[in-house]
Amino acid sequence: MDKTEFRKRYAAARRSIIRNDFKELNNMQQEAVLTTEGPLLLLAGAGSGKTTVLINRIVNLIRYGRGSDTTEVPEYAGEKELCLLEEAAEGKIPADDYIRSLCQVEPAESWRILAITFTNKAAEELKGRLRAALGDVATDIWAMTFHSACVRILRRYIELLGYPRSFTIYDSSDSQAVMKRVLKELDMDEKQFPPRAVLSQISRFKDGLMGPEDMAAEGEKRGDMRLRHIARAYEEYEKRLKNAGAVDFDDLIFLTVRLLSEYEEVRSYYQKFFRYVLVDEYQDTSKLQYKLVSTLAGGYGNICVVGDDDQSIYRFRGATIENILSFEKQFEGARTIKLEQNYRSTGHILGAANAVIRHNSGRKGKELWTDRGQGEKPTLYIADNEDDEAQYVAARIIYAVGTGMNWRDFAVLYRMNAQSNRLEYAFKRNNIPYKVVGGMRFFDHAEIKDVTSYLSAVSNSGDDLRVLRIINNPPRGIGPGTVENIREIGAREGLSLMEVIGGAGEYPALKRSAGKLSEFYRMISDLREKSEELPLDEFYDYMLDKTGYMAALGEKDDALSRIDNIKELKSNIAGYMERTEEPTLAGFLDEIALYSDLDSVEEDDNNVILMTMHAAKGLEFPWVFVVGVEDNIFPSSRSIGEPEEMEEERRLCYVALTRARQHLTLTAAKRRMLFGRTSANLLSRFVDEIPPEHLERPETDGEGYDSFREYRYGDSDTYSAYGGRNTYSGARYRRDYGDGDEGYVPKNTVTGGGYSYKNSEVRRRPIPKAKEKKEIPVQSSAAPLMSLSVGDMVEHRAFGKGQVLEVTAMPGDALLKISFDNVGEKRLMLKTAGAFMKKV
DNA sequence: ATCATAACGCTTTTT
DNA sequence: GCGTTATGAT
């Protein structure tokens, strides 16, 4: 047998044996697992099992190295070995340990694998599942987020860039606080230069690896005064962070990339270090992140990215879909594998989602399919207003729970957090247990920021921002005047606030407050000593006591929840200490800086989940409600008219629809109160993109439905002047070109001042009053109330049997207190609950 | 220093 | 409509 022939047969047998280890995967998934070498683009549709693939791919790397993807043959291998392999491949003999060892070609050491995700949650899931598959070796895999991987690199080398090794990480609110100060001192008007906008501009420049000088030059070149101003703010902002020994979220990546590109020895160290690089959610990466991963993978060239161009929904944060679209161009010799079989949703749901996303251009082109049957058609409900909408959702949930579903099987998705309010009311009214995800983050609560500021100030006393926050909190007689003096001295002498405070006696300006200042200084010094002696949790208690923070809080009467939060933070510390070998204050601070609220969703809670569509990415639920499917809300008013934005909204729609496993319900309201104004929106254009074969629309027997939808393409020229737009400045008018198929809308239809599109003028027919809803009894005010009295036995759809304990008359309604056999006492309104109850 | 009032302004936000 | 923030009065 000649050499080539031998190699070919050896490699083929080897691959087939390895493949057999992953036989529970489908063909495409297996290909993805076995393709280990070189650049690989994995286009993984929603619900196609991409995490499973990622995990198995890593398992393969560790078990067999490049065995499945090379024609190399080990030197020891001869005809005998080939014979064994081929017999095992054909199933004639079992693949025992020896045969499997013949399949190995340089198995990868686990610490040489870097698997990057975006969220802690995804990283945790990855780690957990890897541990389950591989045991202890999994611990050394670099399965972490972009940011934590960068922290790990920076902690080692950041001094090269002039930052202290013990740098502090600023979160977005810290950044904003610094920026506000900077803008004030540069006399830049906050109205003209909103801190958030300035920061996001800076973020975009950092993403292009541009510093303040580059921004200034760019401003010069474009003759853009505004940009030149922002460049000054950028410069000042960076200076402050650097002086404070702090970096913001963007810097974590930015500085790591700088480190790798400016320091050859660091670069080659990591390039030799990481043999395999994997990136999850690649569609959400930015240019800078591309730069980071392509550099890290630059040594071996083994980069595997997993993503779905149709699920890219973070453009506003700098994510660029380009990364995934041009992967094959950027990485020569790249292979592409598509995973299109969906294991999550039923056929109609996928049909609806495919129909919507098909309207986007510039896609890689994927079509999800399932072998699970068509299932139930998604439905559309048109409500009169947002209360009706919320009540409808609540009613459907209660009904379904009555048939045996759990509360946790439901998710209600909306475009913006502001929409959660009415839903919450409806859920409270109906006693539906729910949980709102998102909104206020735990670490954004003032009291948490306060106590963590103490911790930060102790850990890094150069951190002026944190010192500023705590210096007079609780009040210790160091007023704004004194603080101002300290800052002036600090700026003049190039010292940090803490350094000035330490030498307070030497400065005439601080004479009067010197006593209090040195007392503060001594307290912080004492804390620093204790932080080195005491275990972290004890130190935390000591700090709360010593600083007087707890005592001051105890005197206020509304502080209960704050005290709870502070205790909650302590259990965070305990958790950190448990899972970390060498817990340190700095380590804990790193962790909380990179921690988000999403990580705290408990699996075992039995609650209906309410969240934005963005927050829902990566999750799935048996029944999904997408509420507010109206133009101006979804797609949002700010994106209508901007083709790129519209495509992003459409992807968001695709994400939302593909969260559903079996049931999908869309709801819209004919009129809705938003930002204190009532508006009438058109049915979302996305709904019109779903063909009737995949969407059950309300029967067209009612004029209400007709009029609601007819304006979609009807008098849109006049009707486009919906509310909300009129408050924008001229620069935004161009959005009125519509989404490309709407025709030009003269800008003078945006009437200034009040809400001057008049419904009566625009609508050819008045909107009829509420119609009787079919199927779901949403009670109208005219509906007769059931009569109940104390002692009556009732049966409730969701809560089961119970006895009425109390009836309190209320105007047009009654408050019931019912003791249910299974779920205990509940307070319900007769009007709402009556529809789900009968007397027994 | 703490409260009250007015004024604003408002997608989405993995880190 | 509501929550945050700036400002001024006590």
Side-chain angles (χ1 to χ4, degrees), chain A residues 116-124 144-151 169-176 180 184 190-191 194-196 199-200 203 247-254 280-281 283-286 288-289 311-319 386 413-422 425 437-441 443-444 446 472-480 552 556 590-599 611-619 628 632-640 642 645 648-649 651-653 655-656 672-678 723-724 727-728:
Chain A
I116 302 189
T117 63
F118 272 85
T119 65
N120 296 307
K121 207 178 157 193
E124 286 308 315
M144 50 180 84
T145 63
F146 268 102
H147 297 264
S148 48
C150 287
V151 170
I169 302 166
Y170 277 4
D171 68 18
S172 358
S173 56
D174 295 327
S175 303
Q176 240 180 87
K180 272 190 178 169
K184 195 173 256 169
E190 279 206 20
K191 297 273 142 54
R196 296 174 51 133
L199 281 168
S200 91
S203 191
V247 303
D248 65 17
F249 284 146
D250 293 325
D251 287 337
L252 288 174
I253 318 252
F254 180 69
D280 195 12
E281 306 282 15
Q283 76 282 354
D284 292 334
T285 50
S286 66
L288 195 62
Q289 284 163 331
Q311 290 190 67
S312 166
I313 54 173
Y314 286 105
R315 203 171 82 100
F316 66 95
R317 290 180 87 252
E386 69 273 26
L413 309 182
Y414 35 78
R415 181 65 240 267
M416 41 186 173
N417 286 119
Q419 285 171 262
S420 73
N421 236 322
R422 289 318 174 104
Y425 282 136
V437 177
M440 185 84 161
R441 279 176 46 213
F443 291 102
D444 283 341
N472 202 31
N473 177 15
R476 36 178 84 88
I478 305 174
K556 298 185 179 165
D590 274 357
E591 187 157 306
I592 62 174
L594 299 175
Y595 203 83
S596 89
D597 215 27
L598 221 67
D599 309 320
M611 60 185 150
T612 63
M613 300 176 203
H614 281 89
K617 203 177 81 171
L619 305 177
N632 272 346
I633 292 180
F634 186 42
S636 86
S637 57
R638 301 172 100 102
S639 54
I640 291 173
E642 313 269 350
E645 295 288 320
E648 174 123 336
E649 296 277 309
R651 291 192 291 268
L652 184 58
C653 183
V655 168
R672 141 172 350 253
M673 180 89 103
L674 197 63
F675 300 139
R677 298 234 138 119
T678 302
T727 52
Y728 295 106

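By the 5.5 angstrom centroid cut-off and the 30-degree plane limit, Phe316(A) is classified as not stacked against the base of dT13(B).
Taking a heavy-atom distance under 4.0 Å as the criterion, the stretch of DNA chain C touched by chain A extends 5' to 3' from dG1(C) to dA6(C).
Within the 4.0 Å cut-off from OP1 or OP2 of dT13(B), at least one side-chain nitrogen or oxygen of Asn417(A) is found. Remark: Arg638(A) is in phosphate contact with dT11(B), judged by side-chain N or O atoms under 4.0 Å from OP1 or OP2.
Put simply, the side chain of Ser200(A) never gets that close to the backbone of Ser203(A): no donor and acceptor are under 3.5 Å apart. Remark: side-chain polar atoms of Glu386(A) are paired, donor with acceptor, to backbone N or O of Met673(A) under 3.5 angstrom.
Applying the 90° cutoff around 0 to the glycosidic angle, dT11(B) is assigned syn.
Counting to the nearest Å, the C1' atom of dC8(B) and the CZ atom of Arg677(A) are 13 Å from each other. Between Ile313(A) atom CD1 and dT12(B) atom P the separation is 13 Å, expressed in whole Å. In this entry the distance linking CD of Glu190(A) with C1' of dA7(B) reads 14 Å, nearest Å.
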Exercise. Given side-chain contact (heavy atoms from CB on, under 4.5 Å), test Ile633(A) with Gln419(A) step by step and report yes or no.
Key: CA-CA 10 Å; Ile633(A) 292 180; Gln419(A) 285 171 262; 3.7 Å; yes

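Contact annotation for Met613(A): no contact, since no heavy-atom pair falls under 4.0 Å across all strands. Within 4.0 Å of Asp280(A), counting heavy atoms only, lies no atom of the nucleic acid at all. When heavy atoms are screened at a 4.0 angstrom cut-off, Phe146(A) is found touching no nucleic acid atom at all. In this structure, Ser148(A) reaches neither bases nor backbone, as no heavy-atom distance under 4.0 Å exists between it and the strands shown. At a threshold of 4.0 angstrom between heavy atoms, the contacts of Arg196(A) include nucleobase atoms, whether or not backbone atoms are also involved. Heavy atoms of Glu649(A) sit under 4.0 angstrom from at least one base atom. In this structure, Glu645(A) reaches the bases: a heavy-atom distance under 4.0 Å links it to at least one base atom across the strands shown.
Nearest heavy-atom pair across Gln311(A) and Asp284(A) is O-OD1, 4.1 Å. For the residue pair Glu281(A) and Phe118(A), the shortest heavy atom distance occurs at O-CE1, 3.3 Å.
To the nearest whole angstrom, the two C1' atoms, one in dT12(B) and one in dT5(C), are 23 Å apart.
Between Thr612(A) and Ile478(A), the residue anchored nearer the 5' end of DNA chain B, judged by the nucleotide with its closest heavy atom, is Ile478(A). In terms of position on DNA chain B, the residue among Arg476(A) and Ala593(A) whose nearest nucleotide sits closer to the 5' end is Arg476(A).
Note on Lys184(A) versus Glu190(A): no salt bridge recorded, every NZ/NE/NH1/NH2 to OD/OE distance being 4.0 Å or above. In this structure, Glu648(A) pairs ionically with Arg651(A), as a charged nitrogen and a carboxylate oxygen lie closer than 4.0 Å.
A donor atom on one side chain and an acceptor atom on the other are not found under 3.5 Å apart for Gln176(A) and Ser173(A).
For His614(A), the side-chain atoms get nearest to dT13(B) when compared with the rest of dT13(B), dT2(B), dT11(B).
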